[in-house]
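Okay, so here's the structure we're looking at.
Residue numbers start from 1 in every chain, and the chains themselves are labelled A, B, ... in the order their sequence lines are given, proteins ahead of strands. In what follows, every heavy atom counts, from backbone to side chain, and hydrogens, waters and symmetry copies are set aside.
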Amino acid sequence: MRLPFQKRVATFEHGIHPEYHKETGNLPIRRFPFAPKLYVPLSQHIGKPAIAIVTVGQEVLRGEVIARADGMFSLPIHAPATGVVEAISPIPCDTGEMEMAIVIRVYEADGQEVRVRNPHNLDGLNGVELAIVMQEIGVAGKGGAVFPTHAKLIPPNGCVIDTLIVNGSECEPFLTCDHRIMVERAQQIMAGIGYAMRVCGAPRAIIGVEDNKLDAVAALEAALPADGTVTIKVVETKYPQGAAETLTHALLGREVPVGKRSSSIGVVMNNVMTLAYVGRLLPLGEGMTERVVTVAGPAVARPGNYIVPLGTPLRFLLDYVGAKSSASEVILGGPMMGNAIASLDIPVTKGVCGVLAFGKREVAVPHTYPCIHCGECVNACPKKLNPTQMGLLAAKREYDLMADKFFLSECFECGCCSYVCPSHIPLVQQFRVAKSFLKDRKNSA
Amino acid sequence: MNNDTIANILLTTILPGNFVLAMFLGMCPFLGVSQKLSTAVPMGIATAFVILVASVSAYFLNMLLVHFHLEFLSVITFITVIACAVQLVEMFVKKTFPELFRQLGIYLPLITTNCAVLGVALFQTARNYNFAQSLAYSIGGGIGFTLALILMAGLRERMQLSNVPTLVQGAAISVILGGLLSLSFMGFSGIGGGE
Amino acid sequence: MSAPSNFDEFLDGIWKQNPIFVMVLGMCPTLAVTVSAVNAISMGLATTFVLGASCLLVSLLRHSIPKQVRIASYIVIIATFVTVVDYAIQAISLDLYEALGAYIKLIVANCILLGRAEAHAAKNPPMPAMLNAIGMGFGFTLGLFAIGCVREILGAGKLFDISLFGPHFQPWVVMVLPPGGFFVLAGWLIVFAAFDHYKTKRTLGVQA
Amino acid sequence: MGTVYSVLVTGVFMACLGSMLAFFLAIASKRLYVYEDPRIDLVEELLPHSNCGACGTAGCRNFAEKTVTGEIEPASCTVNTAEQNKHIAALLGVAMGNVEKRVARLACAGGHHVAKMRAHYGGLSSCRAASVAGGGGKSCSWGCLGLGDCADVCDFDAIVMDKQGLPVVDLAKCTACGDCVDICPKNLFSIQGVTKKLWMACRNEDEPDAAEATCEVACTACGRCVVDGAPGLIRLEKNLAVIDYEKNALAQRAAIERCPTGAIVWLDNECITKGKSAKKIIRTEPLPVIA
Amino acid sequence: MSQIELRAAPHQHSGSNVPTIMRNVVYSMLPICAFSVWQYGLSAALLILVVTISCLAAERINSTISGTADTLSDWSAVITGVLLALTLPPSFPLWMGVVAGFTAIWLGKSLFGGLGQNPFNPALIGRAFVQAAFPTAISTWVPAFTPNRFVECIPTTLTAPFMSPPDIVHWIKLQGMDAFTGATPMARWKFENVSASTMDFLTGQVTASAGETSAILILVCGLYLAFKKYLDWRIPVSVMGSAMLVAAAFHLVQPDRYPAPTFVLLSGGLMLGAWFMATDMATSPITPRGVWLYGALIGIVTVMIRYFGGLTEGVMYAILIANAAAPLLDQFNQPRILGETRGKS
Amino acid sequence: MSDAPEVKTPSFAMVRTLGLVSVICGIIIVGVYQVTLPAADANRKLALERQVFKVLPTAKSVVTYYATEKGIVAAAGLDQPPAGAVIFYAVYDAAKKLAGIAAEASSAGYADQVRVLYAYDTEKQAITGIGVISMRETPGIGDKILTDQDFLKNFESLDVHLSADLQSLANAVKTVKHGTKSGAWQIDAISGATVTSKAVGRGINESTQILLPRLLPHLEKLRSPS
Ligand SMILES: Cc1cc2nc3c(=O)[nH]c(=O)nc-3n(C[C@H](O)[C@H](O)[C@H](O)COP(=O)(O)O)c2cc1C
Ligand SMILES: Cc1cc2nc3c(=O)[nH]c(=O)nc-3n(C[C@H](O)[C@H](O)[C@H](O)COP(=O)(O)O)c2cc1C
Ligand SMILES: Cc1cc2nc3c(=O)[nH]c(=O)nc-3n(C[C@H](O)[C@H](O)[C@H](O)COP(=O)(O)O)c2cc1C
Ligand SMILES: Cc1cc2nc3c(=O)[nH]c(=O)nc-3n(C[C@H](O)[C@H](O)[C@H](O)CO)c2cc1C
Ligand code: SF4
Ligand code: SF4
Ligand code: SF4
Ligand code: SF4
Ligand code: FES
């Protein structure tokens, strides 16, 4: 609760204030070595998987396209290292399913410079043309949804985009990669914003940064373009400030209508790191072969932000930061929304912004009590849903009722409700179960 | 003896003298048709309507009976008229609002055997209510019945989401809820009566 | 499905299809007049009489009543016998009449009656129809009596008006108030459920 | 007021009242008449009222309407006893219909004594919950998670979880309602006719070696059943043997005899039989979790 | 790496849990208990102890019968017991207290499935039951601060089980308290039109239930809980606010007939009810508007019962009735979710 | 396949059946009514006498009267009471002397109407006893009006004499809080059952206020019954 005389920082209603553990935010980004073998899944984005265009035994150069995009809502995959294709076979992925991947044995002796680039002359291209060029560099959203960025930027028919929101909130605890990018690569972010504005046609861009990253704000301010089309707005440090709906609400006071996309209210949102990569890679015509990943957590001996080649298996990554033997639970992403994984053979992909390792003690299962109707979850839900009722319904498998009467599909799984529940009821998990059931049933019908 | 004011009658029949919770009238639909709000509300309204119809017809019928000195026929004539009225309402709804009928179909005939309907007719006669008082009595009774039904439905919908022990599930838990509701309504005793 | 014997018909209502504990019907008198065992039994017997007589008549007339006036005719028949009982009780004892209050007249609206008339008597020959009805009536009486006993014992410290616990017993007034009726009924329902549960567990145990 | 007077007045009064009401009702039932086939009610009364939808209609009432119009055969209601369905057929004067009994079949045999785990799942005890939380930790990503959602949803208590954490369907109780099919996150259940006796109890599409490494009873796509079965009955697809039930009539027990892992089985009445060469597994305790 | 553990997101938690909340509520009630023991001595102490123990016993027996895990450790039964005891008159016979305790837990809670599943406030169900069962005993009041209160019990306290309590008028006279009228301030107002002073209420110098005495103490303890976010501050605010408003309206129209709003606020169980019982989470709504309406309903019904009903005190029944309406209040006041457009298509 | 049976509305059969059933049932009822009427009447009379004898122990016989604005009439010959009449009972002792008047008072109590029968002594112009006809008050509280000796003492001689103009009571009967009775026309309430006590008082007040002014001018008629 904010007292009346306190200065108001732009924010949204409800939400939570978890412990942030953002110690790695002060460490500069460092480079990560190449694992002996890289496992590059063909599907690292939302949309159709890429189609492999290499064969087993073929030698590939770093930056070379090894799988091509399958249509507009797909992205090409570039070789993350120079080496030889050892296999194209299923490997485990974070959902627990198996996915096709190209396995590259990395040439140890190679310097691993990017060997293949395909630069275009970007001047004079209109928005759609620029988007097509953008597809070639294979950038997917780094904010979590891994939607192909070029496709996201093109305004849907009949929509006029008036604002590009650049999401620099990074509200998840532990994660600091966006923070470091803003501090270290402000210039490239600005370049990326420029390209993105050209594609989506927005006359202005607003960068939203939480007030616990004021050094990032300073760095960005120094790099702002002179024409004033880009502004920075500080928002309250609160989870989930970075979610599209809440940030849009905090910055513009607009609400995305239920069941619609944010483009319907003239807004398109990109993550800062997404735009940093666009700004860096697009002029060079270089493919995405690596990304900055926060590696942290109580079980990690050398936490930090690392530039990790895509396809690096977690086993190798955790070994290197001194975590493998002490880790009990490994999470891809932040602690609030990230998924725990069942296998260390899973590789780092374009959507992995953080790898967190927790020790035995931190993953103890608390006793679950029945819901005591305390309403904490209702007061925490940033979407103002009714998690109490949905949780009770889910326990009785009343999934249809949840969807019909309680806006199940609007839940963006931020986890605030589970976080505050004194009964330790796994609310979000139940909502995900409900959604997955309804989706499966719809697909099979 | 029958100098109760309209407001008093209304208040008494809705709260402290609630047909269901204090007078035990209309228990069967109260326990039977209260699983869901979506059926409880139309059922309550339909019953309230029939109660009103029954009360008005009973009032005039009673005038006739008194005129002919046939008071001993009151039960049989009231109930027959009620039964026919319900059947007419049922046919009417079936013809004009088939959708509503599909939802309520099974419950409509039940109203005939709802003690509250006959109860209103008999009690208003026994208390020598005049027309306005009878009207207030039946309207209050209908509202009270609907109120109890709706409260009960809300509680039972909630019960469906809790882990009621198997032994208590079903009728027992509804009866207990009814008891607790009735216990709560005891707090209203005295309202509308007394000074 | 072999045709049930008349005796089975009779037993059905007392136990397997007990109108109070199994079918949960006729709740108004069940709750309203069971403040004492005597009231309960009188009400039960009155209902039994009406049930038996009207089911017999309905069964006799079952072929000559058109479907459209079915309900109206049944209810007229039931109302007749209710009125008969009403006056009979007035003639027998005014005290009892006062105690049972309007609920005697309300037997007409007791769902058990119309339910039995429609579901059983209208489809069966007179003999089984009446036996079934009387069985139901006894089942109903039994249920009322069970409830009435508990309410009278706790609520007044008496049974059949005989003091059980001495003059200083503190009566549990709630038992004779409306909520007490609900609670005692619920108690019996739980006892029935527990008994059922125990029985099915036993039979399952024997099978295994 | 004399008795005679009283009786007379009563008689006249009741006669008037009775006939007047009947008259109203008669008018009303003419004016407000809505035709509805009375047999629908009769049929509905004979149905089990479980509204399970196993017959493919939207509940029992709908089924009754469809049987009356002849769109569906009485026997399609698998929950009802045959006797009741016979009553319905007799009532409507139609053929009972001959519908093969169908039951839910599980396409996995990997209990926790033969299938390896790579992680220990410690959340909400439900298969689908496990599957949305990183897949549940079973090494075979196709296999049964063993947390019993199917047993939980079956309204007919037809599924129990056995000691190895696999669901077992009680064929007598199963009504083919399909709830277990819907709930299983791994899509392991399907509704099948009881005459389909040759059955593939594995879904693992991994490379043969990988598959056998994750689960001792996985199909290794060795092809022996393809050779031993009738021509065209069984084929290999995605590292699995696939049975073509169009040719079900040709199915013979011989097809399973040489299966080395026992992934393909013969279902006879209540019991599942494996081939003679299938490896014998005597272990019953769970395998340890290995990352 | 020994074994990978799989857990569902979120992997972080606020750290709050049910027993901690419940334990804190118990702590916050201890000063109120202490005050009532100071006022009424041994009898109050015994009553609180016996009722709480019988609640715990009922809970224990229930978990044994139903074969569920032991549920004593969540502390909620302690709250029920203490609150129930605080709403009873200090002279209440102990055996009736035991009946109240068992009813509270069994009828009020266990039958619905235990913690959090009960639609009505268990403590109040316990009290409503004994109020209906033993109406005389529960409306028998004794004066506070009798000289021997720490060495002897009020005679009714130790009534033999199932027996009627003795008449205590004589005993009260013996205590040298002849000015005592044997009635609560509210009864005195209702039947004699005598209003007690505000100061007496604030400091607890009035005859009442064990825990309905010092308004200030209750306020402080309640505020502590509200500050720690263990209770929803909106509920007491709307209960007290609506009661005050309605009372003020009546007072303005007929000042000689209806007492001042402060009297309504401070007398009887309103404070205890508003802060500790209306706020019971299991039985109150959760949606924002639902919560406000719930509080308002309690306030209004309380005043209505007090002014027009046959009873002197209506807080308990008002809360129970609002409990009954809580599911409906929730249903019809679902919050507007972010981005939802109502009415407009 | 759709050879569904056609349903017709047999109007005449409906009218005939329901009419016939109604008549038969009506006759049955009339029969029973006529048969039981004497017994029921006798019962009612007996009950009334029992009550009256309780409040007026010397009573031996009871005559029912109606009091109207115009005067009093015996109920015996009348089919139905005259409009606005109040019923009361003249009670005679063994010597056929007027022992007192009994009348009913009723008012809303805690749960429902409390109906009491009170005995009025024409000599003393006071109420000399009450008995409860019916009530649904809470057992243990409200029903103390039957048993509480202190309360019953109020009615050993409750002053109800009329004012000089004979139009109303000199002092309205009033129930007062326990222990504060100060006049012979006041009723000392039962502590803890004030609501019911007040109902009794209010009922008596209402009844006497109407009945006594109508009754007193015609006392002579009662003293010498025809
Ligand atoms: C609960 C929640 C929290 C989120 N937090 C962040 C965040 O902190 N930073 C961020 O860039 N995106 C966050 N996102 C993703 C944004 O909603 C949005 O998808 C993203 O900023 C779009 O940019 P992208 O397409 O470049 O990834 C979050 C999403 C959700 C649902
Ligand atoms: C968004 C982003 C922008 C980057 N921009 C540059 C850049 O402008 N120049 C550069 O040398 N490295 C940049 N890097 C880092 C390179 O991938 C790499 O660290 C760099 O080539 C230094 O490598 P070195 O240690 O081999 O010199 C960037 C990384 C990211 C994530
Ligand atoms: C369940 C219950 C039943 C009651 N029944 C009666 C009753 O029948 N008659 C009555 O006068 N008071 C009854 N009361 C008590 C009244 O509410 C009120 O307290 C009393 O009449 C006031 O009397 P006092 O001022 O002497 O204390 C009952 C109280 C409760 C809780
Ligand atoms: C603020 C607060 C108030 C509570 N009030 C009550 C109460 O009035 N009565 C009660 O039985 N339990 C109360 N409880 C405890 C708990 O919610 C109660 O036992 C549940 O109703 C049991 O499901 C309270 C708990 C809290 C946190
Ligand atoms: S996970 Fe869903 S329901 Fe829970 S707080 Fe977030 S948006 Fe609301
Ligand atoms: S936070 Fe947990 S206990 Fe509280 S209402 Fe929500 S689900 Fe229930
Ligand atoms: S078959 Fe499916 S639902 Fe059943 S236990 Fe296995 S995984 Fe769970
Ligand atoms: S849930 Fe599955 S096993 Fe159970 S009856 Fe339905 S189909 Fe059969
Ligand atoms: S007996 Fe069924 S409604 Fe009254």
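- Atom CG of residue E:Leu320 and atom CZ of residue B:Phe185 lie 11.5 Å apart, to the nearest 0.5 angstrom.
- Taking 4.5 Å as the limit, some side-chain heavy atom of B:Asn163 sits within range of a side-chain heavy atom of E:Gln117.
- Taking CZ of E:Phe112 as the start and CE of B:Met159 as the end, the distance is 5.5 Å to the nearest 0.5 Å.
- By the neighbour-count criterion of 12 heavy atoms within 6.0 Å, atom NZ of B:Lys95 is densely surrounded, having more than that number from other residues, nucleotides or ligands.
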Let's go through E:Phe308 and B:Leu11 carefully: what are the C-alpha distance in whole Å and the side-chain angles of both, what is the deciding distance for side-chain contact (heavy atoms from CB on, under 4.5 Å) to 0.1 Å, and is it a yes or a no? CA-CA 11 Å; E:Phe308 308 113; B:Leu11 215 58; over 6 Å; no
Got a list of side-chain donor-acceptor pairs under 3.5 Å for residues 176-184 of chain B, not counting sequence neighbours?
| residue | atom | partner | partner atom | Å |
| --- | --- | --- | --- | --- |
| B:Ser182 | OG | B:Leu21 | O | 3.2 |
| B:Ser184 | OG | B:Leu180 | O | 2.8 |

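- Atom CZ of B:Phe92 has 12 or fewer neighbouring heavy atoms from other residues, nucleotides or ligands inside a 6.0 Å radius.
- In this structure, the side chain of B:Arg158 engages the main chain of E:Asn118 through a donor-acceptor pair within 3.5 Å.
- Nearest approach of E:Pro327 to B:Gly154, heavy atoms of both residues: CB-O, 3.5 Å.
- Taking all atoms of both residues into account, the shortest heavy-atom contact from E:Asn323 to B:Leu155 is O-CD2, 4.4 Å.
- Contact residues of residues 144-153 of chain B toward chain E are B:Ile150, B:Leu151 (heavy-atom distance under 4.5 Å).
- Residues satisfying the side-chain hydrogen bond (donor to acceptor under 3.5 Å, both in side chains) criterion with E:Ser66, sequence neighbours excluded, are E:Thr68.
- Between chain E and the options B:Pro165, B:Ser162, B:Gly187, heavy-atom pairs under 4.5 Å are most frequent for B:Gly187.
- Both the backbone and the side chain of E:Leu107 come within less than 4.5 Å of a heavy atom of chain B.
- With a 4.5 Å cut-off on non-hydrogen atoms, E:Met304 touches chain B through its backbone and its side chain both.
- Every residue meeting the ring-ring contact (aromatic ring centres under 6.0 Å, His included) condition with B:Tyr59, not counting sequence neighbours, appears here in chain and number order: B:Phe131.
- Remark: E:Gln331 CD to B:Glu157 CD distance equals 5.0 Å, nearest 0.5 Å.
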